[in-house]
Amino acid sequence: QAQLVQSGGGLVQAGGSLRLSCAASGRTFSRYAMGWFRQAPGKEREFVAAMLWSGISTHYADSVKGRFTISRDNAKNTGYLQMNSLQREDTAVYYCAAGGYSTTTYEYDSWGQGTQVTVSS
């Protein structure tokens, strides 16, 4: 089974930027999708962005479109989520995932450990 190890995140002021990384091992990701999800306290895990590892297609939640960018470096087997113009509503634990190209959690079978992103006003 694949292992996903996340890094990045932390505390940032509103309007600032952060980049999350997701390093994959244990499988070949060239034919799989990578997704990013987030979960705020008391809320369900929600879709943020997804990308085919080939880079052909990406998809974003409306709430982050134009501010967040999903990308990958296949040579490093690593995916990224660049988050710009962060807002307090973006505060959550962020998870990367690998599996099917989907906005739903059950299409992904490997998950990172999660990383906290806190946006202060």
Side-chain angles (χ1 to χ4, degrees):
Q1 189 172 0
Q3 292 81 45
L4 303 179
V5 178
Q6 297 180 226
S7 59
L11 175 65
V12 65
Q13 288 189 331
S17 299
L18 284 173
R19 189 177 80 158
L20 306 182
S21 299
C22 179
S25 62
R27 72 194 298 185
T28 301
F29 283 92
S30 59
R31 292 179 295 172
Y32 296 90
M34 178 183 69
W36 287 94
F37 292 77
R38 66 186 182 186
Q39 188 166 18
K43 295 187 177 181
E44 293 186 352
R45 192 168 299 188
E46 66 174 6
F47 170 77
V48 174
M51 180 178 192
L52 288 173
W53 278 92
S54 64
I56 292 176
S57 182
T58 59
H59 184 63
Y60 295 92
D62 288 342
S63 59
V64 306
K65 199 172 294 183
R67 300 187 298 122
F68 290 12
T69 303
I70 188 172
S71 64
R72 88 281 181 255
D73 184 337
N74 285 340
K76 295 182 179 180
N77 230 20
T78 300
Y80 305 96
L81 183 68
Q82 177 67 43
M83 305 183 291
N84 298 329
S85 301
L86 282 161
Q87 305 165 358
R88 289 190 64 184
E89 306 82 74
D90 296 317
T91 295
V93 176
Y94 284 70
Y95 298 89
C96 67
Y101 183 59
S102 173
T103 62
T104 57
T105 58
Y106 53 80
E107 293 289 342
Y108 296 86
D109 57 10
S110 298
W111 289 84
Q113 80 276 19
T115 186
Q116 178 70 46
V117 171
T118 303
V119 184
S120 63
S121 59

What I'd like to find out is whether the side chain of Trp111 reaches to under 4.5 Å of the side chain of Arg45, using heavy atoms alone.
yes
Smallest heavy-atom separation, Tyr94 atom then Gln6 atom, equals O-NE2, 2.9 Å
For residues Trp36 and Ile70, report the shortest heavy-atom separation together with the two atoms involved.
CD1-CD1, 3.5 Å
Among Val64, Thr115, Thr91, whose side-chain contact (heavy atoms from CB on, under 4.5 Å) with Arg38 holds?
Val64
Report yes or no: does Asp109 contribute a side-chain atom to a donor-acceptor pair with the main-chain N or O of Gly99 at less than 3.5 Å?
no
Donor-acceptor contact below 3.5 Å, side chain Ser102 vs main chain Gly100
no
Determine whether Leu11 and Ser120 satisfy the following criterion, side chain to side chain contact (heavy atoms under 4.5 Å, CB included), listing intermediate values before the conclusion.
CA-CA 7 Å; Leu11 175 65; Ser120 63; 4.2 Å; yes
Do the side chains of Val93 and Tyr80 join up, straight or via other hydrophobic residues, at under 4.5 Å, putting them in one cluster?
no
Side chain to side chain, Met83 and Asp90, heavy atoms closer than 4.5 Å:
no
About how many Å separate OG of Ser71 and CE of Met34, when rounded to the nearest 0.5 Å?
6.5 Å
What distance separates Cys96 SG from Gln113 CD, expressed to the nearest 0.5 Å?
7.0 Å
Side chains of Tyr60 and Thr69: closer than 4.5 Å at any heavy-atom pair?
yes
Might you work through the side chain to side chain contact (heavy atoms under 4.5 Å, CB included) test for His59 and Tyr101, ending with a clear yes or no?
CA-CA 9 Å; His59 184 63; Tyr101 183 59; 3.4 Å; yes
Above 12 or not: heavy atoms from other molecules or residues under 6.0 Å from NZ of Lys43?
no
Of all heavy-atom pairs linking Ser17 and Asn84, the shortest is OG-OD1, 2.9 Å
State plainly whether one hydrophobic cluster holds both Val48 and Tyr32, where clusters connect Ile, Leu, Val, Met, Phe, Trp and Tyr through side-chain heavy atoms under 4.5 angstrom apart.
yes
Ignoring hydrogens, what is the shortest heavy-atom contact between Ser121 and Arg88? Give both atom names and the distance.
CB-CD, 3.5 Å
With rounding to the nearest 0.5 Å, note down the distance linking CG in Asn77 to CZ in Arg72.
11.0 Å
Do the side chains of Tyr95 and Leu4 get nearer than 4.5 Å, heavy atoms only?
no
Any Phe68 side-chain heavy atom under 4.5 Å of Leu86 side chain
yes
Counting only N and O atoms by type, is there a donor-acceptor contact under 3.5 Å from the side chain of Arg67 to the main-chain atoms of Ser85?
yes
